[in-house]
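Every value quoted in this text rests on a predicted model; they were computed, and no experiment measured them. For ligands, and for the atoms within them, numbers begin at 1 and follow the listed sequence. No hydrogens, no waters, no symmetry mates; every other heavy atom, side chains included, goes into these values.
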Amino acid sequence: MPTILGIESTAHTFGVAVVRNGKILSNCKKVFTTEKGGMIPMDVAKFHCENKNEIYFEALDEAKITEEKIDAVAFSQGPGLAPCLLVGMRFAKELPKKLKIPLVPVNHCIAHLEIGRLTGAKNPVMLYASGANTQIIAYASGKYRIFGETLDLGVGNFIDSFGRYAGIGFPAGPVIEKLATKGANYIELPYKVKGMDIALSGILTNLRQKLESKSPRDTASPMLPAREPAKAGDSGEPKYSLNDLAYSMQETVFAMLVETAERALAHTGKKELLLGGGVACNSRLQEMCRIMCKERGAKFFCPENSLLVDNAGMIGFLGEIMFKSGIKFKGKKIEGVDILPRQRTDEVQVDWK
Ligand code: ATP
Ligand code: FE2
């Protein structure tokens, strides 16, 4: 029974996990966060460098193993931020060189999907909603095929940008989810589904304008109209409450995701929907998917939150499957392995299924 070390470093999270026989023995991580503003790739890479050793030893301790017990190292090869990927890859190559064990390069997005096996899903349509990616995917003839995707921003990055405009730090998704539960009024937003694809940048601009618009100043003059048109920079109160905007954003954008996922179910004739990626932690998105599946007699699957967000457990989990099917690099070949910051889900030849 091989023991696999998994390493994740595509973006904000540096993670190390130990996996054996499909069981995640440890899944440790440290996540770069900010109080205000987004992520600067070089700052995140520095954060990973500073924390990698501590997380590595924590993962070995938690799994109760020493490093000599590791049979192969799997790491996130891409897609992701190049400076962050490089930290992970260099770290991942150290042990294979020292212990003469193989290296297994793993596609991060496919790891988000394959970890769904733990839920019992067999042949699902997958709604992969994470920071940089938003795709409707189904497996067919050796590849994960993309049936629909965002034409511009990933839904998590979209939510984080909305949060940044509202003065919320990174990641904004969990905070926005809480605010949305307090929203009571639905504010009309653009709804952008184009065939099987969605577009989010126009909605983001619209939300930004709404965040900046102010109600007219209260004046006593009966000569002024009751409601002047709102102007950005006016010194009145915000015209829309952040709670209502958060609520309306979720209702609109999640409906777009559910609509395209439902169309993919109808098109492929598949009977299972699997959620993946960090945005899938959102309870309202889960609820909307559950309702849609119930209405059309499909089964709904969603891994636990710790396996939805970026984590090394999913990298070790897919790494073990690939290792067992013979996909690995050893000896001098390890030097030739490089990061793939722009690798697409449908480029990967899936030889392990
Ligand atoms: P990718 O997998 O595309 O490379 P990523 O690795 O940045 O992107 P994940 O860790 O899978 O993404 O997800 C992080 C994203 O999930 C962030 O944008 C974050 O705001 C969002 N997110 C996390 N929890 C929630 C939530 N409860 N509601 C909405 N969004 C959430
Ligand atoms: Fe991710």
Side-chain angles (χ1 to χ4, degrees), residues 6-15 27 29-34 37-39 41 44 48 75-82 84-85 88 106-116 126-137 144 146 149-150 152-166 168-181 183 200 204 246-247 249-254 257 275-289 302-315 317-318 339-345:
I7 295 173
E8 162 59 31
S9 77
T10 52
H12 39 73
T13 299
F14 193 90
N27 195 4
K29 64 177 182 179
K30 209 149 192 183
V31 183
F32 178 89
T33 57
T34 65
M39 313 189 261
V44 187
H48 291 346
F75 79 103
S76 265
Q77 186 179 28
L81 304 170
C84 303
L85 286 167
V106 169
N107 175 282
H108 173 91
C109 304
I110 294 183
H112 270 297
L113 306 174
E114 287 278 358
I115 197 68
M126 284 160 288
L127 170 53
Y128 170 38
S130 68
N133 292 285
T134 302
Q135 295 172 337
I136 313 282
I137 300 169
Y144 280 103
I146 300 173
E149 64 184 319
T150 175
D152 40 37
L153 299 167
V155 67
N157 288 358
F158 158 84
I159 294 173
D160 293 332
S161 300
F162 169 54
R164 198 162 65 242
Y165 300 146
I168 298 166
F170 175 85
V175 182
I176 301 268
E177 178 177 7
K178 280 209 186 91
L179 298 178
T181 59
L200 294 168
L204 186 59
Y247 164 71
M249 180 281 286
Q250 286 197 174
E251 293 303 304
T252 308
V253 171
F254 294 167
L257 296 178
L275 266 183
V279 181
C281 294
N282 190 290
S283 310
R284 180 59 183 145
L285 177 59
Q286 292 180 10
E287 185 186 21
M288 288 166 82
C289 290
C302 185
E304 62 180 74
N305 281 6
S306 65
L307 298 175
L308 284 173
V309 292
D310 284 358
N311 69 94
M314 66 182 189
I315 305 300
F317 182 84
L318 175 54
I339 57 167
L340 297 172
R342 294 186 173 275
Q343 190 180 37
R344 272 179 65 85
T345 310

Notebook entry, point to check: Listing by chain and number, what protein N/O/S atoms are under 2.8 Å from the Fe ion (ligand 2)?
Noted result: H108 NE2, H112 NE2, D310 OD1
Next item on the list: Go through the structure and list residues passing side-chain hydrogen bond (donor to acceptor under 3.5 Å, both in side chains) with D152, not counting sequence neighbours.
Entry: T150, S201
Next item on the list: Could I get the full list of side-chain hydrogen bond (donor to acceptor under 3.5 Å, both in side chains) partners for T252, not counting sequence neighbours?
Entry: Y186
Notebook entry, point to check: Counting distance only, does the side-chain N/O of T34 pair as donor-acceptor with the main-chain N or O of F170 below 3.5 Å?
Noted result: yes
If you measure only the distance, is there a donor-acceptor pair under 3.5 Å linking the side chains of [X] and [Y]?
X	Y	value
S283	E177	yes
N107	Q77	no
E8	T13	no

Check: Shortest non-hydrogen contact from A111 to V106?
Finding: CB-CG1, 4.0 Å
Next item on the list: Mind listing the closest non-hydrogen atom pair of I159 and A172 along with its distance?
Entry: O-CB, 3.9 Å
Next item on the list: Check whether the ring centres of H112 and Y128 lie less than 6.0 Å apart, and answer yes or no.
Entry: yes
Note to self: Distance under 4.0 Å, heavy atoms only, partner ligand 1: which residues pass?
What the structure shows: H12, H108, H112, Y128, S130, G131, A132, N133, G156, D160, P171, A172, G173, P174, E177, G277, G278, V279, C281, N282, L308, V309, D310
